[in-house]
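Notes for the one structure printed next.
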Amino acid sequence: MIPTPHIEVKENDVIAKTVLMPGDPLRAKFIADEFLEDVVHFNSVRNVFGYTGTYKGRRISVMASGMGMPSIGIYSYELYKFYNVENIIRIGSCGAYTKDLNLYDVILAKDVWSESTFAKVQSGYDDSVIEGSDELNQKLIDIAKSLDIPLHIDRVHSSDVFYRENFEAYKDIYKNHGCVAVEMEAFALFHNAKVLGKKAACLLTVSDNLETHELTTSEERQLAFTNMMKIALELAE
Ligand code: HPA
């Protein structure tokens, strides 16, 4: 069933087996422009840009997920199910729930907790925690070590809500569920990988801290996220 409703590729092998997924389409473009060679621009539906190219001679794709679980749920499902994609690595930003994390620290989300109904509705999956792929995580840990980039390996919170009336609620989520940071996509991505027999991982860079109220600008973010991108790009095959 290709092309799919949200990805306009008609041939099977245009998208690499491994796809990096930033939330922002312009970040996908930035990665293709800065790091990839022999780039093919394969998707523009809804301006959710997707590119395939080579990194150090090895093939990899990068495509945006948009924001939130419904959005990454659609794109990751189509990539896994209809375009033979095996590995999706989300590379995103997160808000830290603890003073122990500094702006620009990189987190590998070994698992993710969520109160979202995404997994229950999609497949009947009834747990509130889902793990990323051990195999991808081990590779990412080894790569980070070889690049000398420190990695926090932790549980994060996938939230359906960015603006929460009860701002302080994060304190209980940190205390009761052990989530060190919040983002809005990993739970749906990990779930789709699980039900489709594929692999997913999630690297996050701290863009703000809910405890200290430190904040990065969107310009700073674009550049500072290169550490996380360099780790993920080494998964090119
Ligand atoms: N909340 C949810 N998602 C985020 C945040 C946040 O504070 N920062 C970066 N992604």
Side-chain angles (χ1 to χ4, degrees), residues 20-28 30-31 48 62-76 88-119 128-130 132 140 149-192 200-229 231-232:
L20 307 189
M21 282 207 127
D24 180 356
L26 292 181
R27 199 166 298 143
F30 175 83
I31 294 168
V48 173
V62 52
M63 187 174 123
S65 68
M67 288 188 285
M69 290 185 245
S71 186
I72 198 167
I74 290 169
Y75 295 111
S76 60
I88 298 179
I89 298 90
R90 164 162 157 72
I91 46 175
S93 62
C94 64
Y97 281 171
T98 160
K99 287 196 193 78
D100 297 341
L101 289 167
N102 295 312
L103 296 183
Y104 306 120
D105 280 2
V106 182
I107 301 172
L108 175 70
K110 71 171 166 44
D111 58 16
V112 50
W113 176 86
S114 185
E115 66 278 80
S116 167
T117 56
F118 181 95
S128 49
V129 173
I130 310 184
L140 291 166
I149 300 170
L151 212 52
H152 298 268
I153 303 161
D154 266 304
R155 171 175 295 177
V156 301
H157 174 208
S158 275
S159 179
D160 279 326
V161 178
F162 188 91
Y163 299 106
R164 192 163 177 149
E165 290 303 299
N166 177 12
F167 177 81
E168 303 275 306
Y170 78 87
K171 293 184 176 174
D172 286 335
I173 297 171
Y174 174 65
K175 206 164 65 198
N176 299 334
H177 301 287
C179 302
V180 299
V182 58
E183 55 84 69
M184 304 185 76
E185 292 83 14
F187 186 73
L189 173 64
F190 288 7
H191 168 272
N192 282 354
C202 175
L203 286 169
L204 300 165
T205 301
V206 176
S207 64
D208 52 280
N209 189 309
L210 282 78
E211 282 279 285
T212 64
H213 307 286
E214 292 172 293
L215 202 62
T216 57
T217 66
S218 58
E219 232 169 27
E220 283 170 333
R221 253 177 272 168
Q222 184 106 339
L223 293 172
F225 285 9
T226 48
N227 267 349
M228 173 177 69
M229 293 172 198
I231 298 171

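Side chains are part of it too, since the values below use all heavy atoms of this structure and drop only hydrogens, waters and symmetry mates. In each ligand, atom 1 is the first atom listed, and ligand 1 is the first ligand listed.
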Query raised in the report: Which protein heavy atom lies closest to atom 4 (C) of ligand 1, and at what distance to 0.1 Å?
Result: Val182 O, 3.6 Å
Query - Glu185 side chain to Gly68 backbone, donor-acceptor under 3.5 Å - result: yes
Requested in this report: Assess Ser159 for proximity to ligand 1: is some non-hydrogen atom of it under 4.0 Å away?
Outcome: no
Requested in this report: Look only at interatomic distance and state if Glu183 has a nitrogen or oxygen under 3.5 Å from any nitrogen or oxygen of ligand 1.
Outcome: no
Which side-chain N or O atoms in residues 91-103 pair as donor and acceptor under 3.5 Å with protein atoms at least two apart or in another chain?
from  : atom 1 : to     : atom 2 : distance (Å)
Tyr97 : OH     : His157 : ND1    : 2.7
Thr98 : OG1    : Asp100 : N      : 2.9

**Report entry** Pair Glu115 + Arg164: basic N to acidic O under 4.0 Å
**Finding:** yes
Query raised in the report: Given side chains that start at C-beta, do those of Cys179 and Trp113 come closer than 4.5 Å, heavy atoms only?
Result: yes
Query - Residue and atom name of the nearest protein heavy atom (relative to atom 7 (O) of ligand 1), distance in Å to one decimal - result: Asp208 OD2, 3.2 Å
Requested in this report: Report yes if Gly95 has an N/O atom closer than 3.5 Å to an N/O atom of ligand 1; otherwise report no.
Outcome: yes
Query - Glu211 versus Tyr174, side-chain donor and acceptor atoms under 3.5 Å - result: no
Requested in this report: Would you mind listing which atoms of ligand 1 come within a distance below 4.0 Å of any non-hydrogen atom of Ser93?
Outcome: 9 (C), 10 (N)
Requested in this report: Could you find the nearest protein heavy atom to atom 2 (C) of ligand 1 and give me its residue, atom name and distance?
Outcome: Phe162 CD1, 3.6 Å
Requested in this report: Can you sort out which atoms of ligand 1 are near Ser207, meaning under 4.0 Å from one of its heavy atoms?
Outcome: 8 (N), 9 (C)
Requested in this report: Answer with yes or no after comparing the ring centroid distance for Phe187 and Phe190 against a 6.0 Å cut-off, counting only values under it.
Outcome: no
